Undergrad: 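First the structure, which I've put down as structure tokens, then a few questions once you've had a look.
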Amino acid sequence: MKNSAVGPLHRDCGSLHPQDEGTEVEIRGWVNSTRDHGGLIFVDVRDSSGIAQAVADPRTAPEAAAAASSLRSEDVVALRGAVRRRPTGTENPKLTSGDTEVALDSVSILNRSLTPPFPVHGEADVEEGLRLKYRYLDLRRPHMQRNLALRHRAIKAVRDYLDEQGFLEIETPMLIKQTPEGARDFLVPSRLHGGQFYALPQSPQLFKQLLMVAGFGRYFQIARCFRDEDARSDRQPEFTQIDLEMAFPTIEGVIAVVEGMLAHMFRQALAVDVGAPFRRLSHADAMARYGSDKPDLRFGMELIEVTPAFEGTQFKVFAAAVQAGESIVGVVDEGGAARSRRDFDALARVAAEWGAKGLAWIAFTPDGLKSSLPKAALETQTIDRLGALTHAKQGDAVLMVAAERTEARTLAGKMRLHLAAQNNLRDARRFEFCWVLDFPLFEINPEGGIGPMHHPFTAPAVGSESLPGDPLSLRAQHYDVVLNGSELGSGSIRIHDAALQRRIFAMLGYPEDEVAERFGFLLEALAFGAPPHGGMALGVDRIVQIMVGAESIREVIAFPKNQRFQDLMMQAPARVPKALLDELRLRVDLPPAPPVSQRS
RNA sequence: GGCGCUGUAGCUCAGUUGGUUAGAGCGCCUGCCUGUCACGCAGGAGGUCGUGGGUUCGAGCCCCAUCAGCGUCGCCA
């Protein structure tokens, strides 16, 4: 904040230093707290730069002291006086201005505040619903100020970096056309075209492809996206993406840009060096070693296929699993032999909640083996083979699940994360990035047909243009960037050939007339000299959340919705007057709204 | 949509086996206090115990329903 913006004497609270001694200043801000000693009144004033202490002495400035003693938390004040050093021994090292104070000459009260519903100063724990209802007060709290300032710096770093790399920021429309697949769309009724609707974009995907066709070789946007899906704790109906796209790209080219961008973000916003280039894993590798396509690489604990150890086992459950061609996947819990039977039982219950049929465990204690398996199943041969496969040491425990291979890996992968959390291995101050590559192009959807793993515009891997018989064997030119077990972003080289795009739509079973209706403009655009293109989209909210180590993305969004996607401050969504509905030619199939007075 | 946890003063919470007038800390109000910074001291106000119903001589506590907040799963190219 420049001083000239608010008056010649004005100084930021956090900026006062001993060198200012004797200077007449004015500080403006909110009353953080007051300490009235009768003969001396201290007022702590907070602005966005920090806190300054002002002192009123009734003997030298009776009017100012009287006003100061009337001040209460969150009153807005402008205080004038001379800066002076605090008496030796009374400095406050917790404040940047803590060596100084302002000797009050005058107090002007710019606005009184009601008693706030929760303390604004400090970091008191307050129920989130209340914080959201009074979000403007919650945002006044120092940690929210810090979070949003960091978010600003992160986004600014993106703009600076991509600008430097020759990217243009181009806006795309918010009122677009509904498409039936993917997530549900938010609809916006059209008044001018009664009975017709716009949709809010789930992402600028199609528009950025069209910008490539248009010849903007490098595009980006800090784009708001909307998805009308069921609420989940870490989801918002509207969220922000860094959306970028390049013409004539290679996967390596996109990866280099995004790595550079993320490194710049972390350097500028956090002063952290993230160590690019990032590690890389194939999708198959990630699944095999971590049971997830977004592995948390802050710790090892790789999954181990232990099926061979149980060939010919007496343990009926595993014998049956091996017989059925299932896999037994294990994870080593270092030091886990110290767990109590109760502990293991609790882990088994957690695994059951995830859908595991059971959780087997063997603990290598100093007093010998402890296990959920029957004694008869703990043949020396089995134990030796298990030890050789897992490298479990004395004091460790091996936890195992048996299931169809992918499912077993997924379950073991969840257990890996669960154990790591219990063992405090998920350190929020560490940032382990990786790329996941070589995704399948298609996957089996719940109806049993094939669907796109990501979206239908992803180009097949080089060499598979002929699209051979088994669609599930096709690889995609797709890449995810992952941080600490969270997918930050996902991108691909797109299909730029209209004929190939048609073939992919056909393989997905989209009827031809539907394709024409929904994607006709895209196919047409591709046919007018679309360049090869590809890009990526990254979730800003998630990135910033991880940067600040917050529990929820709501901690890094200024005005988020609650878990039911409602705005507790404005009370949105809300019913609207019937006249508005009439204008839109809409009729609502609900009983009449209750009178407003009955609602909270 | 399912499941779980929570709901008591402005805030954060305690509240015994169902039993007299429902408590604490902070905040708020009043007074005192010249070096505090979570100032201190003394006094005071403040409660439809989320809401509705039920059981009971008696319900903050037990039962049913409902609302809200949070968490979690389904869902989310």
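Just so we're on the same page: letters track the sequence lines, and every chain starts at 1. Small disclaimer: the values here were computed from a predicted structure and weren't measured.
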Undergrad: B/rC76, B/rG35, B/rC70: which one has an atom nearest the side-chain heavy atoms of A/L132?
TA: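 The closest nucleotide is B/rC70.
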Undergrad: More 5' along RNA chain B: A/D125 or A/T34, using each one's nearest nucleotide?
TA: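 With A/D125 and A/T34 compared, the 5'-side residue is A/D125.
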Undergrad: How about A/T172 and A/Q221: does a side-chain donor come under 3.5 Å of a side-chain acceptor?
TA: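 A donor-acceptor contact under 3.5 Å links the two side chains.
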Undergrad: With both distances under 3.5 angstrom, what nucleotide forms a Watson-Crick or G-U wobble pair with B/rG1?
TA: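 B/rG1 is paired with B/rC73.
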Undergrad: Can you tell me if A/N562 touches the phosphate of B/rC70, counting only side-chain N or O atoms and a distance under 4.0 Å to OP1 or OP2?
TA: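 Answer is yes, contact under 4.0 Å.
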Undergrad: Could you tell me the separation between the CG atom of A/L40 and the P atom of B/rC37, rounded to a whole number of Å?
TA: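 Atom CG in A/L40 sits about 13 Å away from atom P in B/rC37.
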Undergrad: How far, in whole Å, is B/rG15 from B/rU8 if one measures between their P atoms?
TA: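 So the two P atoms sit 13 Å from each other.
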Undergrad: B/rG27 and B/rC11: how far apart are their C1' atoms, nearest whole angstrom?
TA: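 After rounding to an integer number of Å, I get 7 Å for this pair.
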Undergrad: Checking all strands, does A/E127 fall into the base, sugar-phosphate, or nothing category for heavy-atom contacts under 4.0 angstrom?
TA: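 The answer is sugar-phosphate, as A/E127 gets under 4.0 Å only of primed atoms, P, OP1 or OP2.
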Undergrad: Is there a donor and acceptor pair closer than 3.5 Å between the side chain of A/E353 and the base of B/rU72?
TA: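 Between B/rU72 and A/E353, which were checked side chain against base, a qualifying N/O pair under 3.5 Å is absent.
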Undergrad: Taking atom P in both B/rG23 and B/rG44, compute the distance separating them and give it to the nearest angstrom.
TA: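 So the two P atoms sit 14 Å from each other.
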Undergrad: Under 4.0 Å between any heavy atoms, over every strand shown, what does A/P456 touch: base, sugar-phosphate, or nothing? Just pick one.
TA: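 Base contact.
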Undergrad: In this structure, how many angstroms lie between the C1' atom of B/rU36 and the CG atom of A/D44, rounded?
TA: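 Between C1' of B/rU36 and CG of A/D44: 9 Å.
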Undergrad: Is the shortest side-chain N/O distance from A/Q563 to OP1 or OP2 of B/rU72 below 4.0 Å?
TA: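 Checking A/Q563 against B/rU72: no side-chain N or O falls below 4.0 Å of OP1 or OP2.
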Undergrad: If you measure from CZ on A/F519 to CG on A/L526, what distance do you get to the nearest 0.5 Å?
TA: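 Spacing of CZ (A/F519) from CG (A/L526) equals 11.5 Å.
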Undergrad: Under 4.0 Å, heavy atoms only, any strand: does A/A65 hit a base, just the sugar-phosphate, or nothing?
TA: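 Touches nothing.
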Undergrad: Pick the P atom in B/rG25 and in B/rA65, then give their distance to the nearest Å.
TA: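 The answer is 39 Å between these two P atoms.
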Undergrad: For the side chain of A/K94, counting heavy atoms from C-beta on, which of B/rG35, B/rC70, B/rA38 is nearest?
TA: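 Nearest to the side chain of A/K94 among the choices is B/rA38.
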Undergrad: Nearest to the side chain of A/E128, which nucleotide is it out of B/rC37, B/rG71, B/rC76?
TA: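 Within the option list, the nearest is B/rG71.
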Undergrad: Choose from B/rC39, B/rC76, B/rG69 the nucleotide whose nearest atom is closest to any side-chain atom of A/Q566.
TA: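 Of the candidates, B/rG69 comes closest.
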Undergrad: Should the ring pair A/H478 and A/F439 be called parallel, tilted or perpendicular, given that the plane angle runs from 0 to 90° and is split at 30 and 60?
TA: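 Because their plane-to-plane angle is over 60°, the rings of A/H478 and A/F439 count as perpendicular.
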Undergrad: So which nucleotide does B/rU20 pair with, by the Watson-Crick or G-U wobble rule with both distances under 3.5 Å?
TA: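 Across all strands, not a single nucleotide pairs with B/rU20.
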Undergrad: From CH2 of A/W354 over to P of B/rC3, roughly how many Å is that when rounded to an integer?
TA: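 Taking CH2 of A/W354 and P of B/rC3, I get 22 Å after rounding.
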Undergrad: Please indicate yes or no: is the ring centre of A/H37 less than 5.5 Å from the centre of the six-membered base ring of B/rU36, with the two planes inclined by under 30 degrees?
TA: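 Given the distance and angle limits, no, they do not stack.
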Undergrad: Under the criterion of centre distance below 5.5 Å and interplanar angle below 30°, is A/F118 classified as stacked on the base of B/rC11?
TA: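 A/F118 vs B/rC11: stacking no.
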Undergrad: Has the side chain of A/R554 got a donor or acceptor atom that lies under 3.5 Å from a matching backbone atom of A/N562?
TA: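 Looks like no, no N/O pair under 3.5 Å.
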Undergrad: Specify the separation, in whole Å, of atom NE2 of A/H121 and atom C1' of B/rG10.
TA: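 It works out to 13 Å between those atoms.
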Undergrad: Counting any heavy atom closer than 4.0 Å, what does A/D230 reach on the DNA or RNA strands: base, sugar-phosphate only, or nothing?
TA: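 The answer is base, as A/D230 lies within the cut-off (heavy atoms under 4.0 Å) of a base atom.
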Undergrad: Rounded to the nearest 0.5 Å, what separation is found between the CD atom of A/E74 and the CG atom of A/N111?
TA: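 Here the rounded value is 11.5 Å.
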Undergrad: Of A/L130 and A/K414, whose nearest nucleotide on RNA chain B comes first from the 5' end?
TA: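 Result of the comparison: A/L130.
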Undergrad: Distance check, rounded to the nearest 0.5 Å: A/T100 atom OG1 versus A/R84 atom CZ?
TA: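 Interatomic distance, A/T100 OG1 to A/R84 CZ, rounded to 0.5 Å: 10.5 Å.
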Undergrad: Strictly by Watson-Crick or wobble contacts shorter than 3.5 Å, is anything paired with B/rG43, and which nucleotide is it?
TA: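 Paired with B/rG43, as far as the under-3.5 Å criterion goes, is B/rC29.
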Undergrad: Indicate whether OP1 or OP2 belonging to B/rC29 is found under 4.0 Å from a side-chain N or O atom of A/R72.
TA: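 Yes, because at least one side-chain N or O of A/R72 sits under 4.0 Å from OP1 or OP2 of B/rC29.
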Undergrad: Using both distances under 3.5 Å as the test, list the Watson-Crick or G-U wobble partner of B/rU6, or none.
TA: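 When the pairing criteria are applied, B/rA68 turns out to be the nucleotide that pairs with B/rU6.
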Undergrad: Applying a 4.0 Å non-hydrogen cut-off, can you work out what A/P87 is touching in the nucleic acid: base, sugar-phosphate, or nothing?
TA: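 Contact class for A/P87: base.
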Undergrad: Just checking, is any N or O donor in the side chain of A/S49 or A/D47 under 3.5 Å from an acceptor N or O on the other one?
TA: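 Present: a donor and an acceptor within the cut-off.
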Undergrad: Under 4.0 Å between any heavy atoms, over every strand shown, what does A/I41 touch: base, sugar-phosphate, or nothing? Just pick one.
TA: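 Nothing: the residue A/I41, judged by heavy atoms under 4.0 Å, touches no strand.
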Undergrad: Would you kindly give the NZ-to-C1' distance between A/K561 and B/rG69, to the nearest whole Å?
TA: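 Result: 17 Å.
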Undergrad: Check every strand shown and say whether A/E91 touches a base, only sugar-phosphate, or nothing at a heavy-atom separation below 4.0 Å.
TA: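 Base, at least one base atom sits under 4.0 Å.
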Undergrad: Hey, are A/R112 and A/S70 close enough side-chain-wise for a donor-acceptor pair under 3.5 Å?
TA: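 Note: A/S70 and A/R112 side chains meet the donor-acceptor criterion.
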Undergrad: Phosphate oxygens OP1/OP2 of B/rA68: is one of them under 4.0 Å from a side-chain N or O of A/K133?
TA: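 It does not, given that no N or O in the side chain of A/K133 lies less than 4.0 Å from OP1 or OP2 of B/rA68.
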Undergrad: When the distance from NE2 of A/H455 to C1' of B/rC76 is rounded to whole Å, what number comes out?
TA: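 My rounded result for the distance is 15 Å.
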Undergrad: Provide the distance between the two C1' atoms, one in B/rC28 and one in B/rC75, to the nearest whole Å.
TA: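 Per the computed distance, 47 Å lies between those C1' atoms.
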Undergrad: Counting only distance, no hydrogens or angles, is the base of B/rC76 paired donor-acceptor with the side chain of A/R235 under 3.5 Å?
TA: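 Indeed there is one.
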Undergrad: Using the six-membered ring of A/Y510, assess whether NZ or CZ of A/R518 lies under 6.0 Å from its centre and within 45 degrees of the ring axis.
TA: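 A/R518 over A/Y510 ring: yes.
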Undergrad: Could you tell me the Watson-Crick or G-U partner of B/rG60, where both distances fall under 3.5 Å? Say none if there is no partner.
TA: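 Pairing partner: none.
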Undergrad: Select base, sugar-phosphate, or nothing to describe what A/R86 touches, counting heavy atoms under 4.0 Å on all strands.
TA: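 Base contact.
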Undergrad: Given the C1' atoms of B/rU21 and B/rG60, what is the spacing between them in whole Å?
TA: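 Rounded to whole Å, the distance is 15 Å.
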Undergrad: Provide the distance between the two C1' atoms, one in B/rA14 and one in B/rA22, to the nearest whole Å.
TA: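 B/rA14 and B/rA22 have their C1' atoms separated by 11 Å.
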Undergrad: Counting only N and O atoms by type, is there a donor-acceptor contact under 3.5 Å from the side chain of A/T96 to the main-chain atoms of A/G14?
TA: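 Yes: the side chain of A/T96 pairs with the backbone of A/G14.
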Undergrad: Can a donor-acceptor pair under 3.5 Å be found between the side-chain atoms of A/E101 and the base atoms of B/rG35?
TA: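 Indeed, a donor on one side and an acceptor on the other fall under 3.5 Å apart.
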Undergrad: Under 4.0 Å between any heavy atoms, over every strand shown, what does A/R84 touch: base, sugar-phosphate, or nothing? Just pick one.
TA: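 Since a base atom lies under 4.0 Å of A/R84, the category is base.
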Undergrad: If we take the C1' atom in both B/rA9 and B/rG47, what is their distance in whole Å?
TA: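 Roughly 6 Å separates the two C1' atoms.
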Undergrad: Mind checking if A/D36 touches a base, just sugar-phosphate, or nothing, with heavy atoms under 4.0 Å?
TA: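 It contacts base atoms.
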Undergrad: Determine: side-chain N/O of A/R35 to OP1/OP2 of B/rC39, distance under 4.0 Å, yes or no.
TA: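 Yes.
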Undergrad: Measure from the side chain of A/R554, starting at C-beta and using heavy atoms only, and say which of B/rG71, B/rU12, B/rU30 lies closest.
TA: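 Closest of the options to the side chain of A/R554: B/rG71.
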Undergrad: When the distance from CG of A/D57 to P of B/rC33 is rounded to whole Å, what number comes out?
TA: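 Taking CG of A/D57 and P of B/rC33, I get 14 Å after rounding.
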Undergrad: In whole angstrom, give the distance that lies between atom CG of A/N32 and atom P of B/rG27.
TA: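 In whole Å, B/rG27 P lies 13 Å from A/N32 CG.
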Undergrad: Have a look at A/I51 and say if it touches a base, only the backbone sugar-phosphate, or nothing, with a 4.0 Å heavy-atom cut-off.
TA: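 No contact.
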Undergrad: Name the closest nucleotide to the A/T115 side chain, picking from B/rC70, B/rG35, B/rG27.
TA: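 Of all the options, the side chain of A/T115 is nearest to B/rG27.
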Undergrad: A/R564 side chain: which of B/rA68, B/rC75, B/rG35 is closest?
TA: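 The answer is B/rA68, which lies nearest to the side chain.
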